[in-house]
Amino acid sequence: MRHMLNPLDFSLEETESLLELAADIEKDRFRYAHVCDGKKLATLFYEPSTRTRLSFESAMCRLGGSVVGFSEPNSSSVSKGESLGDTIRTVSCYADAIVMRHPVAGSAEEATKYTEVPFINAGDGGNQHPTQTLTDLLTIKSLKGSLENHTIGLCGDLKNGRTVHSLVKSMSRYKGIKFIFISPDELKMPKYIKDAIQEQGHAYYETDNLDEVIGSLDILYMTRVQRERF
């Protein structure tokens with residue numbers, strides 16, 4: 001049984017295959033309109049979400065499946081003290097796959113201890129957001145033609161932004177990538193992410209001045225201040 005907790009759970013070849021499949025669906029979505037007939041997706045959102053939750057739910061419906069779950073944990077037995085493990089065990093009985101967003105880093109990995117069905121991390125605290133990264137990779141590839149040999153600027157809250165953490169980890173697997181991190185000191189990219197970049201043999205540069213580096217960028221990735229992490 002496969003889960004997706006961070007972008008590196010899938011090999012580079014598997015990631016490329018997913019991007020090709022996504023591009024094919026985009027060209028002719030009606031050909032895929034029944035691939036999930038009879039399947040149910042559970043969306044468990046312990047944090048507010050517009051784009052991620054509706055993306056999953058609309059995608060499942062377009063593929064012929066159906067959706068159960070909650071967008072507010074207080075509308076479930078969580079409000080009565082039900083543990084994450086008990087929630088996951090119960091929902092596993094009702095669905096063929098689970099998508100969860102949770103405010104606590106590491107909660108996605110914890111959830112996989114209890115699930116009986118494939119589990120997808122839709123964001124766990126300030127840790128990872130792998131499905132957003134797949135979308136970002138598809139966007140970059142469609143605009144640039146390749147995922148190699150780019151200078152990528154990431155600007156904003158790099159300390160708490162799970163989307164930038166996942167994107168950097170994923171892009172580090174491609175050739176010729178240079179990262180430029182643009183943020184104030186208090187929102188700098190965590191050391192473990194920078195260490196991972198160096199282990200892959202890539203260079204990075206840090207600055208708090210976007211004007212200084214914007215002329216050298218192939219891609220600029222902006223992220224908001226993650227106020228919910230403070």
Side-chain angles (χ1 to χ4, degrees), residues 1-72 91-102 108 111-112 115-124 128-148 150 152 161-171 173-174 218-224:
M1 181 169 55
R2 298 288 298 275
H3 305 302
M4 189 173 197
L5 304 184
N6 73 71
L8 306 190
D9 285 340
F10 290 167
S11 69
L12 199 58
E13 292 74 19
E14 288 173 323
T15 299
E16 289 295 324
S17 179
L18 284 173
L19 297 181
E20 291 173 7
L21 176 59
D24 194 49
I25 293 173
E26 190 174 25
K27 290 177 185 175
D28 185 9
R29 72 185 191 197
F30 296 105
R31 187 154 59 91
Y32 296 86
H34 297 286
V35 297
C36 288
D37 281 357
K39 301 295 184 181
K40 285 187 172 60
L41 176 69
T43 54
L44 311 182
F45 277 73
Y46 291 78
E47 275 190 322
S49 171
T50 300
R51 286 164 291 278
T52 300
R53 181 174 65 84
L54 294 182
S55 292
F56 273 108
E57 294 182 357
S58 63
M60 190 60 175
C61 292
R62 289 180 187 276
L63 294 172
S66 56
V67 179
V68 296
F70 55 77
S71 58
E72 165 54 60
V91 175
S92 291
C93 300
Y94 304 146
D96 299 290
I98 295 174
V99 174
M100 185 183 81
R101 169 171 288 184
H102 200 284
T112 61
T115 183
E116 299 295 329
V117 296
F119 179 92
I120 300 172
N121 180 14
D124 60 327
Q128 298 293 319
H129 196 338
T131 57
Q132 177 64 56
T133 292
L134 288 174
T135 304
D136 293 335
L137 294 179
L138 183 63
T139 300
I140 293 170
K141 189 172 183 177
S142 66
L143 293 174
K144 295 295 186 179
S146 169
L147 292 169
E148 298 181 349
H150 298 305
I152 303 174
R162 56 195 171 202
T163 59
V164 296
H165 299 166
S166 287
L167 182 60
V168 168
K169 289 183 72 174
S170 191
M171 288 298 297
R173 299 194 291 182
Y174 293 91
D218 299 306
I219 299 160
L220 175 61
Y221 192 96
M222 300 292 296
T223 182
R224 66 175 175 82

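- Atom CD1 of Ile120 sits about 10.5 Å away from atom OG1 of Thr115, to the nearest 0.5 Å.
- Side-chain contact between Asn6 and Thr133: absent, with no pair of heavy atoms (C-beta onward) separated by less than 4.5 Å.
- The minimum heavy-atom distance linking Pro7 with Ser170 is given by the pair CB-CB, 3.9 Å.
- The residues Arg2 and Asp9 are annotated as not salt-bridged, no charged nitrogen and carboxylate oxygen being separated by less than 4.0 angstrom.
- In this structure, Ser49 contributes its side chain and Phe45 its backbone to no donor-acceptor pair below 3.5 Å.
- Counting all heavy atoms, side chain and backbone alike, Tyr32 lies closest to Leu63 at O-CD2, 3.4 Å.
- Salt-bridge annotation for Asp24 and Lys27: absent, with no side-chain N of the basic residue lying under 4.0 Å from a carboxylate O of the acidic one.
- For residues 56-69, the side chain to side chain donor-acceptor pair (under 3.5 Å) pairs, not counting sequence neighbours, are Thr43-Glu57, Arg53-Glu57.
- Ile98 CD1 to Glu116 CD: the interatomic distance, rounded to the nearest 0.5 Å, is 9.5 Å.
- Heavy atoms from other residues, nucleotides or ligands lying under 6.0 Å from NZ of Lys141 number more than 12.
- A donor-acceptor pair is defined here as one N or O able to donate and one able to accept, closer than 3.5 Å; such a pair exists between the side chain of His150 and the backbone of Ser146.
- Scanning all heavy atoms of the two residues, the minimum distance from Ala122 to Thr52 falls at CB-CG2, 3.9 Å.
- Val67 and Cys61 get closest at one heavy-atom pair: CG2-SG, 4.4 Å.
- Distance CD1/Ile152 to OH/Tyr174: 10.5 Å, rounded to 0.5 Å.
- Scanning all heavy atoms of the two residues, the minimum distance from His3 to Phe10 falls at O-CE2, 4.2 Å.
- In terms of modelled atom types and a separation under 3.5 Å, the side chain of Arg101 and the main chain of Gly123 share no donor-acceptor contact.
- Looking at Lys169 and Leu8, their side chains come closer than 4.5 Å, going by heavy atoms from C-beta outward.
- One side chain, Asp136 or Gln132, offers a donor N or O that lies under 3.5 Å from an acceptor on the other.
- The aromatic rings of His102 and Tyr46 sit tilted relative to each other, their planes meeting at an angle between 30° and 60°.
- With respect to the salt-bridge test (charged N to carboxylate O, under 4.0 angstrom), the residues Arg173 and Glu16 do not qualify.
- Shown here for Val91 and Ala42, the closest heavy-atom pair between the two residues is CG1-CB, 3.3 Å.
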